[in-house]
Amino acid sequence: MNVLDVQDLRVSMDTARGTAHIVNGLDLSVAAGETVAVVGESGSGKSVSVTALLGLLPGHARVSGRAEFDGRDLLAMSEAQLRTVRGNGIGTVFQDPMTSLNPVLTVGRQVGEGLLAHRAVTSKRAARERAAELLADVGLPDPRGTLDRYPHELSGGMRQRVGIAIALAGSPKLLIADEATTALDVTVQAQILELVARLQSEHGTGVVWITHDLGVVAGIADRVLVMYAGRCVEDGSVEEVFSAPAHPYTRGLLGSLPSLRDPGEDLVAIPGTPPPPTDLPPGCVFHPRCPVRGDVRCATEQPPLVPVGRTHRAATFCTTPEVDS
Ligand SMILES: Nc1ncnc2c1ncn2[C@@H]1O[C@H](COP(=O)(O)OP(=O)(O)OP(=O)(O)O)[C@@H](O)[C@H]1O
Ligand SMILES: [Mg+2]
């Protein structure tokens with residue numbers, strides 16, 4: 001059963017330079033207990049996509065599509081309904097935790113409130129105990145002392161871990177993590193990934209994990225979705241996509257990856273830059289940078305996302321594997 005089912009998500013915004021087509025028909029499903037990694041270069045629309053699902057985009061953003069969570073369409077919900085879902089059902093961790101932490105409440109209050117709201121505990125005292133445990137779980141060195149501190153008294157990495165503790169406190173059905181562990185050192189990161197895996201096996205939490213770190217993708221994800229210019233250009237099981245990437249863009253990203261056993265390996269830089277969302281090229285969005293593009297078709301026709309394997313899809317006219325230069 002899918003925890004999240006997104007169909008044809010589109011986001012556009014009017015800007016000084018014209019209409020920005022930021023997300024252009026994204027499908028994304030996450031089954032219970034499954035981890036889907038979303039990868040793609042900076043600006044490909046990863047954060048805007050998940051922000052749209054949570055109803056947190058600026059008011060002038062135009063959003064369309066369907067996004068079923070727990071049987072209800074997130075994109076059709078009122079602000080009040082969304083607030084309930086965000087606090088109870090979907091846990092989120094963003095790269096900048098200051099945006100999700102309340103500056104005037106102690107850490108203990110904030111973690112404890114989540115626990116009480118989800119009825120994980122029934123008394124304030126139990127909430128405090130459990131909050132301290134959660135802070136220890138995310139690797140904070142002085143969990144008890146941290147309960148009485150305010151967000152501004154913590155380092156960036158500590159705040160990030162508090163944000164993760166809050167997101168996990170309610171044992172959400174869906175966890176959306178956007179570069180959640182990028183700023184943390186590898187041992188703390190490993191500890192957090194383990195904690196998320198435990199949550200998944202205990203509660204069947206579905207996870208959307210946005211990252212640039214292919215070691216993390218290989219280590220935690222079941223499936224991977226590659227985004228380019230607001231589209232999914234390839235998706236499939238990690239095994240399928242990593243062992244036989246079908247899209248020239250994915251092949252470029254994985255191109256000089258010496259070994260998936262090397263944690264911390266980043267996506268590779270591909271020559272050129274992604275097109276600005278105000279000026280998307282006709283045809284295949286990747287064709288201006290593509291090392292194997294054909295002549296007319298790639299420049300005029302948009303390749304549909306089609307099956308290339310059992311659970312593997314790609315949107316390209318150029319699936320022959322011998323690309324890497
Ligand atoms: N409020 C906004 N108004 C106009 N354009 C925006 C707005 N927010 C984001 N964009 C544009 O949308 C595109 C996608 O941005 P997004 O933040 O989703 O990228 P991303 O894939 O998360 O990149 P990164 O890996 O750097 O986090 C970018 O071109 C960005 O400039
Ligand atoms: Mg982002």
Side-chain angles (χ1 to χ4, degrees), residues 4 6 8-28 30 35-65 67 74-75 90-100 156 159-160 163-164 167 175-184 189 207-217 221 224-235 241 247 249-250 252-254 257 264-270 272-281 285-286 288-289 315:
L4 179 70
V6 178
D8 200 27
L9 178 69
R10 291 173 190 271
V11 179
S12 62
M13 295 187 211
D14 289 330
T15 71
R17 269 175 288 149
T19 303
H21 300 278
I22 300 171
V23 183
N24 301 297
L26 183 70
D27 292 352
L28 165 69
V30 186
T35 299
V36 178
V38 180
V39 302
E41 280 166 298
S42 184
S44 55
K46 305 179 298 292
S47 297
V48 166
S49 299
V50 295
T51 312
L53 298 180
L54 298 163
L56 294 174
L57 284 177
H60 66 278
R62 284 187 296 276
V63 179
S64 68
L74 293 169
L75 302 182
I90 303 182
T92 54
V93 191
F94 290 107
Q95 190 166 11
D96 176 9
M98 269 325 239
T99 56
S100 53
R159 278 199 291 267
Q160 187 65 345
I164 293 167
L175 177 71
I176 296 179
D178 188 352
E179 299 287 354
T181 54
T182 309
L184 304 175
Q189 171 167 305
V207 175
V208 177
W209 199 275
I210 297 174
T211 182
H212 287 113
D213 184 335
L214 292 178
V216 170
V217 177
V224 58
L225 187 157
V226 182
M227 269 188 92
Y228 187 75
R231 286 194 171 83
C232 169
V233 294
E234 180 158 5
D235 68 359
V241 174
H247 197 288
Y249 179 64
T250 314
L253 285 181
L254 302 179
L257 191 67
E265 192 70 48
D266 277 354
L267 298 175
V268 176
I270 298 174
T273 52
T278 45
D279 195 14
L280 296 179
V285 270
F286 186 58
R289 294 170 78 191

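In each ligand, atom 1 is the first atom listed, and ligand 1 is the first ligand listed.
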Review point. Applying a heavy-atom distance cut-off of 4.0 Å, which protein residues contact ligand 1?
Key: Met13, Thr15, Ile22, Glu41, Ser42, Gly43, Ser44, Gly45, Lys46, Ser47, Val48, Pro58, His212, Pro277
Point to revise | Among Thr92, Val93, Val208, side-chain contact (heavy atoms from CB on, under 4.5 Å) partner for Leu175 | key: Val93
**Study point:** Side-chain heavy atoms of Leu74 within contact of Ile90, under 4.5 Å
**Key:** yes
Check your understanding: Atom CE of Met227 and atom OG of Ser49: how far apart are they, to the nearest 0.5 Å?
Key -> 3.5 Å
**Study point:** Contact summary for Leu53 and Ala67, nearest pair of heavy atoms
**Key:** CD2-CB, 3.6 Å
Point to revise | Distance below 2.8 Å from the Mg ion (ligand 2): protein N/O/S atoms | key: Ser47 OG
Review point. Is the closest side-chain heavy-atom distance between Thr181 and Trp209 below 4.5 Å?
Key: yes
Revision key, fill the gap. Between Leu184 and Gln189, the two heavy atoms sitting closest are O-OE1, 4.4 Å
Point to revise | From Leu225, Leu9, Val50, residue fulfilling side-chain contact (heavy atoms from CB on, under 4.5 Å) relative to Leu28 | key: Leu225
Exercise for review: Search all heavy atoms of Glu41 against all heavy atoms of Pro274 and return the closest pair with its distance.
Suggested key: OE1-CG, 3.8 Å
Review point. Are Tyr228 and Leu253 side-chain neighbours, meaning at least one heavy-atom pair lies under 4.5 Å?
Key: no
